[in-house]
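Below: the structure, in C-alpha cells.
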There are 2 protein chains.
Amino acid sequence: MATLKDISSELGLSVATVSRALNGFPEVNIKTRERVRAVADRMGYKPNRIAQRLVTGRSGMVGMIAKINSDMTTDQTFLEIIAGLTAALGQRDADLVLAVDQHENPVVPYERMLERGILDGFILNAPVPDDPRIRFLTERQVPFVVHGQSGAVEDYAYFGIDNVAVAADGVGLLTDLGHRRIAFLNGDLRLAFARDREAGFSDGMARAGLTVPLAFSVSGPSSESYGYTRALAMLSGRLGPRPTAILCSSTLIAAGVMRAAADLDLKVPEDLSVMAHDDALPQYRAIEFTPPLTVTRSPLRDACVPLANHLIDLIDGADPKTLQTQIRAELIVRASTGPVPQEGTDPWPQTPTAPPPLPCAPTR
Amino acid sequence: MATLKDISSELGLSVATVSRALNGFPEVNIKTRERVRAVADRMGYKPNRIAQRLVTGRSGMVGMIAKINSDMTTDQTFLEIIAGLTAALGQRDADLVLAVDQHENPVVPYERMLERGILDGFILNAPVPDDPRIRFLTERQVPFVVHGQSGAVEDYAYFGIDNVAVAADGVGLLTDLGHRRIAFLNGDLRLAFARDREAGFSDGMARAGLTVPLAFSVSGPSSESYGYTRALAMLSGRLGPRPTAILCSSTLIAAGVMRAAADLDLKVPEDLSVMAHDDALPQYRAIEFTPPLTVTRSPLRDACVPLANHLIDLIDGADPKTLQTQIRAELIVRASTGPVPQEGTDPWPQTPTAPPPLPCAPTR
DNA sequence: TTCGATTTTCAAAACGTTTTAAATTTCGCA
DNA sequence: TGCGAAATTTAAAACGTTTTGAAAATCGAA
C-alpha cells in the first residue's frame, strides 16, 4: 500500500503538501496538485482510514442494532433499510457496523457497542413511543438519528413520514367514496408508527362523524397471514355488518385481505375497497396486485439517503433541531378502491366507545 | 477518555510499562501490574481501538455482504447468522461491517468493500458451486471463511454441515421405515447446500434401489407457500401415486407440507411421513409442530462461533487448510415420521431417468 | 533593486497505541 | 563488598494521517 510518504519522497515534496494537494486545499499550487494527483493515481494510493481516524478522532463507522422479535416483522423492511443505508453512508465515507441483540433492556446493546469505542453514532429504527434509547443516547451525547419519531425528548434528529397523515389520508379517500364502515388493520401498537396511524385513523373517522367497533380496528404483525385471518373474521359477518373498506398498514397485510376477499367471493373494489400503506419493498409491488392497490406510498429506500446525511451532519456538529424532517406519503389511487356498494351505506349500528386516543409524536 | 499516558503519569510509570501491564506481558512486576490495573479501572480506561489498529495494521473489522434476491429466501436465516456472528466476533474483539448489494457480478461488492481499506477479512454466506467470490478473495489473498462449502478451490477456510449426509440420513430413516415413494422438496439448486443435498438424496435412494420421478424431486425457495403448493400438487395424485413420505429442506417448507396434508385430510404420520432439515430458527421450532417434526438438526447459531474463530485465526496467520470444519447434523426422530402405510408399499411405477448427478463438495 | 504582500511549501507535533532495544534495578552468591 | 545474571522499567520509534505555525518563494509596485 502506497502512503503519503511514498508519494512525497517520489516527488521531493513534504507529506503536508501532498496531503493538502489530495484533499483539495486551496493554497496548493495547481501545478503541484496535478503532479501529486498523477503520482497518487499511478501508485494506486488510498488513504489509510485508520490513520485518518486516529488523528481526526472519528471512526467513520456508525452503528445500527437490530432487535430480533419473535414475529420477525421487521425483517422484510430491515434488509431494505440496510441496503439503502450502506449505499448512502458509503457516499459520505462511512461504514455500517451491525449488531443484533435481543436483550430485554433496549439500551444495553447500545451501551455495549459504545464501550467498544469505535462508533461515531447510531441509526435507530422502529422507535416506540417515548423510546428509552433516545433518552439514553441524548444523555450520553452520542449522535444518533431516528427513522421515524417518538415523543421521548424534543431535540433529536429524525427522518420519517407523517404517519398520522398516512391513516387520515386513507380514511379521507375512503369516506370521500362514501364508505362508512371502514375497518383498520394496523401494525404493532407497541411501535410509534402504529400509534400515530391509530391516532390518524381515529381523527379521520371522527371528522367524518364515524366510529368503529373495537373488533374492526385491530393491530398485529405486518404479515400476510395476519391480514388473511383478521380479514376473514371481519368479512364473514360474524363480528357484525361487514366493512365495505379495509385500510391496511402494509401491502403484505393487504395481500392477506385480498386473499380473504377472494375466498369469500367478494370482488375488489365492487364489494370491498382495500387500501394500504406501501413501503415500496421490491418483493411486494402494490401495482402488481389484482387489482392494482390504492396506497399511500413512501419508499423505505428513499428514507436512507436523508437518514445517512442527517447522521453524518450531526457527527460533523450540526444542531439536531435543524435535522428533523418529516415528509408526507404520496396518495396513489389505483383500482382497489371504489365507491361504496349500494347495500353498505349504513354506518356500523352500535357505536361502542372507540379506543381511547393514544399518545403520538407531534405532526408536521 | 482516559489514555495510557493519563495512567502512566498518575503512577509515575512509562506508557510502555502500563501497556505491558494491561496486556498481561510476563515481565512486569506483579505489584506494579496490580497498581496499574487498579488505576485503569478507576479511570475507566478503554484502549483506543483506532490507535491499536493503526500500529498493529489490523482494523478489527470483518465484512459480510448480503445479497438481496427477489425471493428473500435468505432473510429468516440471515438475521440469525448476524446475531450469532456479532456476538462471537465480539468475543474476539472484532466487529461486523455489513453491506447489502445486488450487483450482478458477485465479486464487485467485495471489491468495493476492499477498496475502502478497513477490513481484515470476510465471511461468505450462501456459497454457490464453484463460487467466484472464493476464487477472487483467494487470488487477492484476503482472509475469508465460508459458511458451507463450494468446490471452487482447495485451500480455503470453511465451516458447515455435511449436506450430503443431511439428505442421505433423511432418506435412510425413511427407507428403514419401509417408505418407497419418498418425495424431496429441496432448496434453491443454485446454492451449494442444495446441490449437496440433491446428491445425498440421489445416493440414498439409489442405495435403497429406488428412483424418483422428476415431478417428485423439486427445488425452490425455503418458504411455507412453496412447501404448501408443491405438496398439494404431489399429494393430490395428479402427478402420479402420491408419496408416502416427504423430505423437506427446511422446517418452513415442512410447515407448508403439513398444511397441505391437513387440507387433504391426510394424517401425519399415519398417511404421510414428513421430515425436514432444521436450522433451529427460534421462530419455527420443529418440536412445536403438530405432530413434532422429525428432523436432521444443526442450529445455525452454533455455526457462528466457529465461523468467527476460523476467520480471526486466519487473520492471525493460521493456515486455511487447518481451518476446514464439517460437522454432521444430528438426526432427531419425533412423531412426524412413521412406518409406511399399508397401501403405499409400492415404489413409483415408471422409473424415468433420475436427474443427472450434480457436482458437490467433498464429504467429510 | 527593495519592500511588503501574497502564494506556496515545509518541519514538526499530534492522535494513542505497540514494540524494540537499551537502561536500570534487584537479587543471589562469591 | 562486589559481580554477573535476572528481573523490571524506560525512552524512543513506529503506524499514516492531519494540522499548526513558520519559513521560503514569488510577485507587483515603488
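Not measured: the values here are computed from a predicted model. A note on names: the letters A, B, ... follow the listed sequences, proteins ahead of strands, and every chain is numbered from 1.
- The phosphate of C:dT8 (OP1 or OP2) has no side-chain N or O of A:Thr32 nearer than 4.0 angstrom.
- Here D:dT19 presents its P atom at 14 Å from CG of A:Leu22, a figure rounded to the nearest Å.
- Computed from coordinates, the A:Ile7 CD1 to D:dG16 C1' distance equals 12 Å when rounded to whole Å.
- Contacts between residues 36-43 of chain A and DNA chain D, counted as heavy-atom distances below 4.0 Å, involve no residue at all.
- Checked for salt-bridge contact, A:Asp120 and A:Arg53 miss the test: no charged N lies under 4.0 Å from a carboxylate O.
- At whole-Å resolution of the value, CG in A:Leu54 and P in D:dT18 are 12 Å apart.
- Among the heavy atoms of the strands, none lies under 4.0 Å from B:Ile50.
- Taking the six-membered ring for Trp and thresholds of 30 and 60 degrees, B:His310 and B:Phe159 have ring planes more than 60 degrees apart, a perpendicular arrangement.
- Under the rule for a side chain to side chain donor-acceptor pair (under 3.5 Å), A:Thr86 has no partner lying at least two apart in sequence or in another chain.
- Classification of B:Asp93 and B:Arg58 as a salt-bridged pair fails, no side-chain N sitting under 4.0 Å from a carboxylate O.
- Taking atom CG of A:Leu13 as the reference point, atom P of D:dA24 lies 17 Å away to the nearest angstrom.
- No side-chain heavy atom of A:Tyr158 sits less than 4.5 Å from a side-chain heavy atom of A:Leu124.
- In this structure, A:Arg49 does not pair ionically with A:Asp95, as no charged nitrogen and carboxylate oxygen lie closer than 4.0 Å.
- As judged by a 4.0 angstrom heavy-atom cut-off over every strand, B:Gly117 is placed among residues making no nucleic acid contact.
- The interatomic distance linking B:Asn29 (CG) with D:dA6 (P) rounds to 18 Å, in whole Å.
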Atom pairs, N/O to N/O, protein against nucleotides 17-20 of chain C, distance under 3.5 Å?
| from | atom 1 | to | atom 2 | distance (Å) |
| --- | --- | --- | --- | --- |
| C:dT17 | OP1 | B:Tyr45 | OH | 2.7 |
| C:dT17 | OP1 | B:Asn48 | N | 3.2 |
| C:dT17 | OP2 | B:Leu4 | N | 2.6 |
| C:dT17 | O5' | B:Tyr45 | OH | 3.4 |
| C:dT18 | OP1 | B:Asn23 | ND2 | 3.3 |
| C:dT18 | OP1 | B:Gln52 | NE2 | 3.2 |
| C:dT18 | OP2 | B:Ser19 | OG | 2.6 |
| C:dT18 | OP2 | B:Asn23 | ND2 | 3.2 |
| C:dT20 | O4 | B:Arg20 | NH1 | 3.4 |
| C:dT20 | O4 | B:Arg20 | NH2 | 3.1 |

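- In this structure, B:Arg35 and B:Asn29 have side chains that are not in contact, with every pair of non-hydrogen atoms separated by 4.5 Å or more.
- For residues 137-146 of chain A, every residue pair satisfying the side chain to side chain donor-acceptor pair (under 3.5 Å) rule, not counting sequence neighbours, is listed here: A:Glu111-A:Arg140.
- Each end of the helix from C:dT1-D:dA30 to C:dA30-D:dT1 yields a helix axis from five base pairs, and these two axes differ in direction by 60° (to the nearest 10 degrees).
- One atom, CZ of B:Arg33, and another, C1' of D:dA7, lie 13 Å apart when rounded to the nearest Å.
- Residues B:Tyr110 and B:Phe122 place their aromatic rings such that the two centres sit under 6.0 Å apart.
- In A:Met1, the CE atom is not crowded: 12 or fewer heavy atoms of neighbouring residues, nucleotides or ligands sit closer than 6.0 Å.
- Note on residues 141-150 of chain A: no pairs pass salt bridge (Lys or Arg N to Asp or Glu O under 4.0 Å), not counting sequence neighbours.
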